[in-house]
**Student:** 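Got a structure here, written out as structure tokens. Questions coming.
Note on naming: letters A, B, ... go to the chains in the order of the sequence lines (proteins, then strands), and numbering restarts at 1 for each one.
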Amino acid sequence: MRFDDWMLALHVLSAFSLVAGIVLFWVLIFVGWRTDTPEGTLVLNPVAKVGSATVGIGMVGTVVFGLWLAFSIGNYNIWDAWIVIALVLWFLGGALGRKTGEAYLEGPKKAQELREAGQNGPNAELLALNRTSRGLLLQTLTSLVVLLILVDMIWKPWA
Amino acid sequence: MGLSMLAAMRPDSWNFPLLVHVFGAMVLVGGLLTATSALAFAKGDVRLLRLGYWSLLAVSLPGYVVMRIGAQWVASKGWDKVDPAPTWLDIGYIVADAGALLMLIALVVGGIGMRRLRQGKGQGLLKAALVIAIVILAAALVAVWAMAGKPN
């Protein structure tokens, strides 16, 4: 394998890391939808941290190895339309992902407060935070943007 | 023209089957990541044990099916007639077939564990499912590396 083949493999592995993290968060959103207790909410924290780590690795890896490939491979140029589209979508996805994370952190924060106050039973406000419609919308938009990046990478429009 | 170059310069008609294949594989890996994380962090917590098993059953398994349908669809475009098959394609098939068998074993073992959870037992079986899921995840990542980097 040439060095560029390794870079491409690492670029694709990073993309898998990113999407795997997004899938993990979809599962947590589904579980959180029915969770109204502080303990039930906080027990998901370690799994969410794995998701954050894989999304972080995926975001950094895709752009670093992707830029390397854009400069290294003779047939590709950084100003190629499909690469510019991917970079714009990457920034948009990153911004949406950050907002999604902020929206879904409200539930665990509330759960921590409730636990510290000794209120361990079901709580309607906590359930509402776990079911945040803003977070759900942002997660859907983030996923759509990542799907568009995947489509862009495969079809390579105007290449 | 090398096979790697052929794979890189594919006709447009391969794009959608390839998207189906890659999307399914990504969901499969995501489900495996969720399942292994939940089962590894469970430490006896029934909620996380259930989350881990259901991620394997309801996310990884459908992801695997979609990945495999996409793979056969792409193969039907001519890759199934390439003889001898390139190493990266062999790796993909071996991991997919062995992975299917291992996933079936993990689902059965984990399923029995889930039933026994009601009697306060079954954690050992779910740990076994965790170990198998980690093996499948590692093999899947090797397959992704092989499919993308195309050794030989």
Side-chain angles (χ1 to χ4, degrees), chain A residues 1-28 30-32 34-35 37 39-55 58 65 69 73 75-76 143 146-148 150-157 159, chain B residues 4-5 7-10 12 14-43 45-52 54-56 58-60 62-63 74 87-88 137 140-152:
Chain A
M1 272 172 74
R2 293 170 303 150
F3 188 71
D4 280 347
D5 294 330
W6 277 99
M7 291 293 106
L8 178 60
L10 289 171
H11 176 64
V12 175
L13 280 167
S14 301
F16 268 76
S17 177
L18 172 60
V19 178
I22 291 173
V23 170
L24 182 149
F25 281 121
W26 271 117
V27 175
L28 293 188
F30 180 78
V31 173
R34 295 173 302 168
T35 305
T37 62
E39 205 58 43
T41 304
L42 294 171
V43 80
L44 301 174
N45 273 357
V47 182
K49 280 180 184 164
V50 172
S52 298
T54 51
V55 166
F65 298 121
L69 291 166
I73 295 179
N75 294 341
Y76 300 159
S143 304
V146 172
L147 182 63
L148 280 176
L150 187 60
V151 168
D152 178 59
M153 289 282 129
I154 290 176
W155 265 266
K156 295 184 175 57
Chain B
S4 299
M5 191 60 77
M9 296 170 61
R10 59 185 177 270
D12 285 348
W14 296 13
N15 287 344
F16 187 69
L18 182 63
L19 177 68
V20 171
H21 175 57
V22 174
F23 180 77
M26 285 175 158
V27 172
L28 165 66
V29 170
L32 287 167
L33 178 76
T34 313
T36 52
S37 305
L39 291 170
F41 286 115
K43 295 186 179 109
D45 188 290
V46 174
R47 286 166 296 198
L48 284 184
L49 290 171
R50 285 201 178 120
L51 170 62
W54 280 103
S55 300
L56 207 56
V59 184
S60 297
V74 176
T87 308
W88 56 269
L137 180 58
L141 295 179
V142 170
V144 172
W145 164 80
M147 292 269 146
K150 297 186 172 47
N152 296 333

**Student:** Which bit of A:Thr54 is near chain B, if near means a heavy-atom gap under 4.5 Å: side chain, backbone, both or neither?
**Tutor:**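 It is the side chain, since no backbone atom gets that close.
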
**Student:** Using non-hydrogen atoms and a 4.5 Å limit, figure out which bit of B:Leu51 sits close to chain A: side chain, backbone, both or neither.
**Tutor:**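 Just the side chain, heavy atoms under 4.5 Å.
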
**Student:** Flag the one option from A:Leu44, A:Leu13, A:Leu28 with the top tally of heavy-atom pairs under 4.5 Å to chain B.
**Tutor:**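 Ranked by contacts with chain B, first place is A:Leu13.
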
**Student:** At a 4.5 Å cut-off on heavy atoms, which part of A:Met7 comes close to chain B: side chain, backbone, both, or neither?
**Tutor:**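 Contact with chain B: none, neither part.
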
**Student:** Where on B:Ala25 is there a heavy atom nearer than 4.5 Å to chain A: the side chain, the backbone, both, or neither?
**Tutor:**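 Both parts, backbone and side chain.
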
**Student:** Is the shortest side-chain heavy-atom distance between B:Trp145 and A:Trp6 below 4.5 Å?
**Tutor:**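 They are in side-chain contact.
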
**Student:** Report yes if the side chains of B:Leu56 and B:Leu32 come closer than 4.5 Å at any heavy-atom pair, otherwise no.
**Tutor:**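 B:Leu56 vs B:Leu32: side chains touch.
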
**Student:** Is it the case that more than 12 heavy atoms not belonging to B:Phe23 sit under 6.0 Å from its CZ atom?
**Tutor:**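 No, not enclosed.
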
**Student:** Is there a side-chain contact between A:Val19 and A:Val146, using heavy atoms and a 4.5 Å cut-off?
**Tutor:**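 Side chain of A:Val19 against side chain of A:Val146, heavy atoms only: contact under 4.5 Å found.
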
**Student:** Less than 4.5 Å apart, any side-chain heavy atom of B:Trp54 and any of A:Val31?
**Tutor:**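 No - every pair of side-chain heavy atoms lies 4.5 Å or more apart.
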
**Student:** So which part of B:Val59 gets closer than 4.5 Å to some heavy atom of chain A, the side chain, the backbone, both or neither?
**Tutor:**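 The answer is the side chain of B:Val59.
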
**Student:** Please flag which part of B:Leu48 lies under 4.5 Å from any non-hydrogen atom of chain A: side chain, backbone, both or neither.
**Tutor:**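 B:Leu48 touches chain A through side-chain heavy atoms alone.
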
**Student:** Should B:Asp45 and B:Arg47 count as an ion pair when the cut-off is N to O under 4.0 Å?
**Tutor:**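 So B:Asp45 pairs with B:Arg47 through a salt bridge.
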
**Student:** Please flag which part of A:Leu147 lies under 4.5 Å from any non-hydrogen atom of chain B: side chain, backbone, both or neither.
**Tutor:**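 Contact with chain B involves the side chain of A:Leu147 alone.
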
